[in-house]
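Small disclaimer: the values here were computed from a predicted structure and weren't measured. By convention here, the first residue in the shown sequence is residue 1.
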Amino acid sequence: MRLIAVLDQVEMRVERLRKDTVRIEEEKDSLLSTLDSIKHSELLLDISECDKDDITRYADRILSRAMTVEVTVRTDRDHQQEEALYQVGLSTIHDT
């Protein structure tokens, strides 16, 4: 049963990886939101055009780098699970 114990450990690590990936995805969204807020901040109205351009270019450079990070967690489902999910979606639509 040593193999079962190893598989149990691997499964726990996979679940931790999935949770970490979701956390990273949320962090990326937060960073993108912060960058957007900076680029549209009213504080930019109070600085020189030169400084405003520098800040905008800097924010755009960070945004470009952030967009190179792709994070995906996919949930594979069998046909029965897909059908159940579809039915739940239908009932949610009809309840509203």
Side-chain angles (χ1 to χ4, degrees):
M1 291 300 166
R2 180 164 160 70
L3 292 177
I4 297 294
V6 171
L7 287 171
D8 287 343
Q9 289 296 315
V10 170
E11 182 178 31
M12 286 189 320
R13 290 174 61 194
V14 167
E15 287 308 310
R16 186 171 45 235
L17 178 64
R18 289 174 60 86
K19 287 179 185 175
D20 289 348
T21 302
V22 169
R23 182 188 52 75
I24 290 169
E25 188 174 46
E26 291 169 352
E27 183 176 352
K28 177 185 173 187
D29 289 344
S30 174
L31 292 170
L32 294 177
S33 177
T34 299
L35 286 167
D36 187 61
S37 294
I38 289 170
K39 289 176 64 173
H40 297 96
S41 171
E42 290 182 10
L43 296 174
L44 292 175
L45 300 175
D46 299 333
I47 59 175
S48 72
E49 200 62 37
C50 182
D51 287 343
K52 187 184 306 184
D53 288 344
D54 287 345
I55 289 170
T56 301
R57 278 195 304 276
Y58 191 14
D60 285 340
R61 187 169 64 244
I62 296 169
L63 177 63
S64 293
R65 295 213 7 105
M67 295 304 291
T68 66
V69 177
E70 293 185 18
V71 181
T72 304
V73 175
R74 190 181 70 238
T75 302
D76 292 331
R77 296 180 177 90
D78 62 28
H79 177 71
Q80 186 177 2
Q81 291 169 323
E82 286 290 342
E83 183 62 28
L85 186 61
Y86 176 75
Q87 292 299 327
V88 167
L90 281 181
S91 69
T92 303
I93 291 171
H94 293 304
D95 289 345
T96 55

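Note: the hydrophobic cluster containing Y58 also contains L63 (ILVMFWY, side chain heavy atoms under 4.5 Å, direct or indirect links). When hydrophobic clusters are built by joining Ile, Leu, Val, Met, Phe, Trp and Tyr residues whose side-chain heavy atoms come closer than 4.5 Å, directly or via intermediates, V71 is not grouped with M67.
For CG of L3, the number of neighbouring non-hydrogen atoms (other residues, nucleotides, ligands) closer than 6.0 Å is 12 at most. Under a cut-off of 6.0 angstrom, the local environment of CD in E70 is sparse, with at most 12 non-hydrogen atoms contributed by other residues, nucleotides or ligands.
Partners of D54 according to the salt bridge (Lys or Arg N to Asp or Glu O under 4.0 Å) rule, which considers only residues two or more places apart in sequence or in another chain, are R57. Partners of D76 under the salt bridge (Lys or Arg N to Asp or Glu O under 4.0 Å) rule, at least two apart in sequence or in another chain, are R74. Looking at residues two or more places apart in sequence or on another chain, you find no salt bridge (Lys or Arg N to Asp or Glu O under 4.0 Å) involving R61. In this structure, R13 has no salt bridge (Lys or Arg N to Asp or Glu O under 4.0 Å) partners at least two apart in sequence or on a different chain.
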Side-chain donor/acceptor pairs under 3.5 Å, residues 45-53, sequence neighbours excluded:
unit_1, atom_1, unit_2, atom_2, d
S48, OG, D51, N, 3.1
S48, OG, D51, OD2, 3.4

Can you give the donor-acceptor pairs under 3.5 Å from side chains of residues 29-40 to other protein atoms, not counting sequence neighbours?
unit_1, atom_1, unit_2, atom_2, d
T34, OG1, S30, O, 3.0
D36, OD1, H40, ND1, 3.2
S37, OG, S33, O, 3.1
K39, NZ, D60, OD1, 2.5
H40, ND1, D36, O, 2.9

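Put simply, the side chain of K19 does not reach to within 4.5 Å of the side chain of R23, judged on heavy atoms.
A side-chain contact (heavy atoms from CB on, under 4.5 Å) with R18 is found for exactly one of V22, V14, D20, namely V14.
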